[in-house]
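These notes concern the structure reproduced below.
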Amino acid sequence: MPRANEEIEALLQEYADLIAITGGDAFRARSYEKAARAIGGYHADVTKLDAKGFQEIPNVGKSIADKITEYLTTGQISVVEERRRSVPAGVRELMTIPMLGPKKAMLLYDELDIASVDQLLDAIHHERLRDLKGFGEKTEENLLHGISLMQKAGNRILLNAAMDSAEQIVAELSRIKGCEGCTYAGSLRRMRETIGDVDILVAAEKSAPFMEALAGLPYTAETIAHGDKKTSIRTTRGLQVDLRVLPPDSWGAGLQYFTGSKAHNIRTREIAVRHKLKLSEYGLFDVETGKKITSGTEEEIYERLGLPWIPPTLREDRGEIAAGLRGELPDLVTEKDIRGDLHTHTDLTDGLAPLEDMIAAAAACGYAYYAITDHAPDLAMQRMTREKMLAQRERVRALDRKHRGMRLLHGTELNIGPEGDVDWPADFLAGFDICVASIHSHFNQSRRALTRRLIRACENPYVAVIGHPTTRRIGKRPGIDADFDAVFEACARTGTALEINAHLERLDLGDEDILRAKRYGVKFAVDSDSHSTTHLPYMRYGVATAQRGWLTKDDIINTWTLTKLRAFLRPKP
DNA sequence: GCCGTTTTCGGCCCGACTGTTTTCAGTCG
């Protein structure tokens, strides 16, 4: 279901992990990692390339090209299968725990036969790690913390992974004769940042053809439940998909019910009760007569309850019902309001695509303007220099207006150091059209230090946007512990925008922080933080997150005209 | 395993932090 590029990326990444676990050449492991990333982010579909085309992908040579060919013809890569046999899958799973890399994972397996997270937990609780070389009390504590973080994320998967599966299934089921409507509902329709399982709804008179089709899809690994009204399957990737087939005339009620959230539905049902009505997945009914009033569309149901239609991204019982009753729902930003992307990378630093490719892909998104913001030198691994940056600027200037008239902004993503200072002095920063500044390290400073650090960055006259403000990685790392109310206040005071980073592991700021920040009058920038042309479309998830934070286009600087945006980007007094 | 202003070998993003050690290995961004 994901495109072949992603399948191969996952396989090669797995191979790299297996090499690292079994103590193979670290540089060889790294080669596979680099190739995996390059293939995953490559603009062209590998199934459309020939063997020669594979080697045009950066970091892919003869050996890896052969492995791609093998995968496309046989569906697997034999050396990966071989290595899998010598290392239990659970050992690799251990590596997903923060602080646990290949060496420690293998040591745990070799010495203590630990090959799953549960076994590790058990061993920690029985103090069996104490005698292991390199493991101490603090390590145990960190492991427990890491495991609890993972378990809090549970089996939920990232938004785009669920969306890819759902859209594919919807496309398949929509083709079946008798389908009068088909869409996804649940937390996916509400665009929550992680998804537990996917709910698909179909409107049709007969359910059987749809149930059978779902059970028979190539990526269906097992059927969990199979009935008249509902079928549940698990995909080969472990994602649960529930399909419900509704009679066409109860489409609206079903969609409203299965979209949720539960808390939102409780509110709507309470309103129904007050109107002497009953709302269920089958429709809106008169309590006394039992007669159905309406069920065809969501709009009709909300209307009969005295409400305007409420966008799914707002249905979290965060005041949307009350706002709807007052007629004060926000006019939410949409993807077509976005005029440009203000945080993107190229292969000059850690991006995968050359400048020209990124710009062409951005122009194809229909943007009026686009900012290139490669990393600055304080992220030492990026090896940035003033000279490289100035040379890039010349190329950017030369490409200005050359793609569908799209205007280019030359910017940078600065690193906010431990004391809140950034890479370059004022005179050099003044040469950029836009400076995004973000935290990339020293996450464990005190709350006071972190707060001061972010506020100092806001106070820098050249910093226009704070990138991924909390620096969380969903399911991997919590956000930093800063006093964000103080930061939001500083952003509003200094005219610094906060980013809504659309990277699926970040979605940072998240919806709840956005709601809080908005109350301070802060402006936002919804950015993809693309490191490849294939990342540009993730903008949609940033916009959805902005919607979940109740933002309108006035709140978001990259919906503004270039003139208005440039005024905002001018150095602060 | 990939790559080339270093060109068929010999490097490979670099530095810092952490917890363990008592001088460093492992992990991370």
Side-chain angles (χ1 to χ4, degrees), chain A residues 8 11-13 15-21 23-39 54-68 70 77 79-80 83 94-108 110 129-146 149 345-352 374-385 387-388 391 413-419 423 438-445 467-468 470-473 476-480 501 503 505-506 508 529 531:
Chain A
I8 295 168
L11 271 175
L12 295 180
Q13 178 60 54
Y15 193 49
D17 288 346
L18 292 173
I19 291 170
I21 290 170
D25 177 17
F27 290 114
R28 203 168 140 254
R30 175 92 130 256
S31 282
Y32 280 103
E33 240 167 55
K34 274 161 44 180
R37 217 168 78 86
I39 294 164
F54 299 155
Q55 289 197 56
E56 278 168 25
I57 304 172
N59 303 309
V60 174
K62 173 88 171 65
S63 168
I64 292 179
D66 286 347
K67 291 182 176 70
I68 299 175
E70 186 193 350
I77 300 174
V79 288
V80 180
R83 290 256 177 175
L94 292 178
M95 284 175 60
T96 58
I97 302 169
M99 322 279 305
L100 237 189
K103 294 288 187 312
K104 285 203 159 106
M106 197 57 190
L107 190 69
L108 288 169
D110 277 345
L129 266 51
R130 293 286 166 91
D131 303 329
L132 230 47
K133 193 169 177 239
F135 285 79
E137 212 174 317
K138 199 70 212 274
T139 308
E140 282 183 0
E141 207 177 284
N142 286 335
L143 287 175
L144 287 174
H145 179 70
L149 254 179
H345 298 271
T346 75
D347 62 2
L348 184 62
T349 55
D350 58 351
L352 294 163
D374 272 313
H375 289 288
D378 285 359
L379 234 57
M381 60 186 178
Q382 307 295 350
R383 294 178 153 180
M384 180 52 74
T385 62
E387 293 70 32
K388 283 189 187 176
E413 183 186 10
L414 300 165
N415 180 59
I416 304 175
E419 305 301 322
D423 309 57
S438 326
I439 287 181
H440 298 101
S441 61
H442 302 85
F443 307 120
N444 293 324
Q445 287 178 311
H468 45 75
T470 77
T471 74
R472 70 167 176 172
R473 302 287 275 198
K476 293 193 173 155
R477 184 176 75 207
I480 52 171
N501 187 299
H503 187 293
E505 253 186 18
R506 294 194 185 274
D508 181 13
D529 195 0
H531 284 67

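Proteins get letters first, then strands, A, B, ... in listed order; numbering begins at 1 in each. Quantities reported herein were computed from a predicted structural model and do not represent experimental measurements.
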To the nearest angstrom, the CG-C1' distance between A:L379 and B:dC13 comes to 10 Å

Testing B:dT27, B:dC17, B:dG29 for proximity to the side chain of A:H440, the answer is B:dG29

Checking B:dG29, B:dG26, B:dT18 against the side chain of A:F443 (C-beta onward), the nearest is B:dG29

Given the C1' atoms of B:dA16 and B:dT6, what is the spacing between them in whole Å?
-> 28 Å

Considering only atom P, compute the distance from B:dG4 to B:dG15 and round it to an integer number of Å. 23 Å

**Study point:** Rounded distance in Å between the P positions of B:dT27 and B:dT21
**Key:** 15 Å

I'd like the P distance from B:dT20 over to B:dG26, given in whole Å.
14 Å

Q. For the residue pair A:H345 and A:H375, is the inter-centroid distance of their aromatic rings smaller than 6.0 Å?
A. yes

Between A:A35 and A:K104, whichever has its closest DNA chain B nucleotide further toward 5' is A:A35

Students often get this wrong, so: under 4.0 angstrom with heavy atoms, is A:F27 touching a base, only sugar-phosphate, or nothing? base

query: If only side-chain N and O atoms of A:S31 are considered, is one of them under 4.0 Å from the OP1 or OP2 phosphate oxygen of B:dC12?
result: no

When you compare B:dC2 with B:dT7, how far apart are their C1' atoms, in angstrom units rounded to a whole number? 13 Å

Quiz item: A:R473 side chain N/O closer than 4.0 Å to the phosphate oxygens (OP1, OP2) of B:dC28?
Solution: no

Rounded to whole Å, CD of A:E140 lies from P of B:dT20 at a distance of 9 Å

Does a nitrogen or oxygen in the side chain of A:H442 sit under 4.0 Å from OP1 or OP2 of B:dC17?
yes

Side-chain H-bond candidate by donor/acceptor type, A:N501 with A:D508, under 3.5 Å:
no

To the nearest angstrom, the CD-P distance between A:E505 and B:dC28 comes to 13 Å

Same-atom distance (C1') from B:dT23 to B:dT18, integer angstrom: 15 Å

request  = Starting from the C-alpha separation in whole Å, work towards a yes-or-no answer on side chain to side chain contact (heavy atoms under 4.5 Å, CB included) for A:E413 and A:D374.
outcome  = CA-CA 6 Å; A:E413 183 186 10; A:D374 272 313; over 6 Å; no

*Do A:L129 and A:T139 touch side chain to side chain, with heavy atoms closer than 4.5 Å?*
no

For a quick check of understanding: with a heavy-atom distance under 4.0 Å over all strands, which category does A:K62 fall into, base, sugar-phosphate or nothing? sugar-phosphate

**Item:** Atom P, compared across B:dC3 and B:dC13: separation rounded to whole Å
**Value:** 12 Å

Between CZ of A:F54 and C1' of B:dG1 the distance, given in whole Å, is 17 Å

Please work out if A:S441 contacts a base, only the sugar-phosphate, or nothing of the nucleic acid, heavy-atom cut-off 4.0 Å.
-> nothing

Of B:dC13, B:dT18, B:dT20, the nucleotide closest to the side chain of A:K34 is B:dC13

Side chain to side chain contact (heavy atoms under 4.5 Å, CB included) between A:R506 and A:T470, intermediate numbers included: CA-CA 9 Å; A:R506 294 194 185 274; A:T470 77; over 6 Å; no

The Watson-Crick or G-U wobble partner of B:dT8, with both key distances under 3.5 Å, is none

Of all heavy-atom pairs linking A:L414 and A:H440, the shortest is O-CE1, 3.9 Å

Regarding the side chain of A:N444, the nearest nucleotide among B:dG29, B:dT18, B:dT20 is B:dT18

Sequence neighbours excluded, the answer for salt bridge (charged side-chain N to carboxylate O under 4.0 Å, His left out) partners of A:E140 is A:R130

Whichever of A:Y15 and A:N142 has the more 5' nearest nucleotide on DNA chain B, that residue is A:Y15

Rounded to whole Å, the CZ-C1' distance (A:F135 to B:dT20) equals 11 Å

When rounded to whole Å, the CG to P distance for the pair A:L143 and B:dT18 reads 16 Å

In whole angstroms, the gap separating P of B:dT18 from CD of A:Q445 amounts to 10 Å

Here the distance between atom C1' of B:dG29 and atom CG of A:N501, to the nearest Å, is 15 Å

Determine the interatomic distance between P on B:dT22 and the same-named atom on B:dC28; round to the nearest Å. 23 Å

Checking B:dT20, B:dA16, B:dG1 against the side chain of A:K138 (C-beta onward), the nearest is B:dT20

> Distance check: side-chain N/O of A:R30 vs OP1/OP2 of B:dC13, anything under 4.0 Å?
Replying inline: yes

Ranking B:dT20, B:dC3, B:dG29 by distance to the side chain of A:N59, first place goes to B:dC3

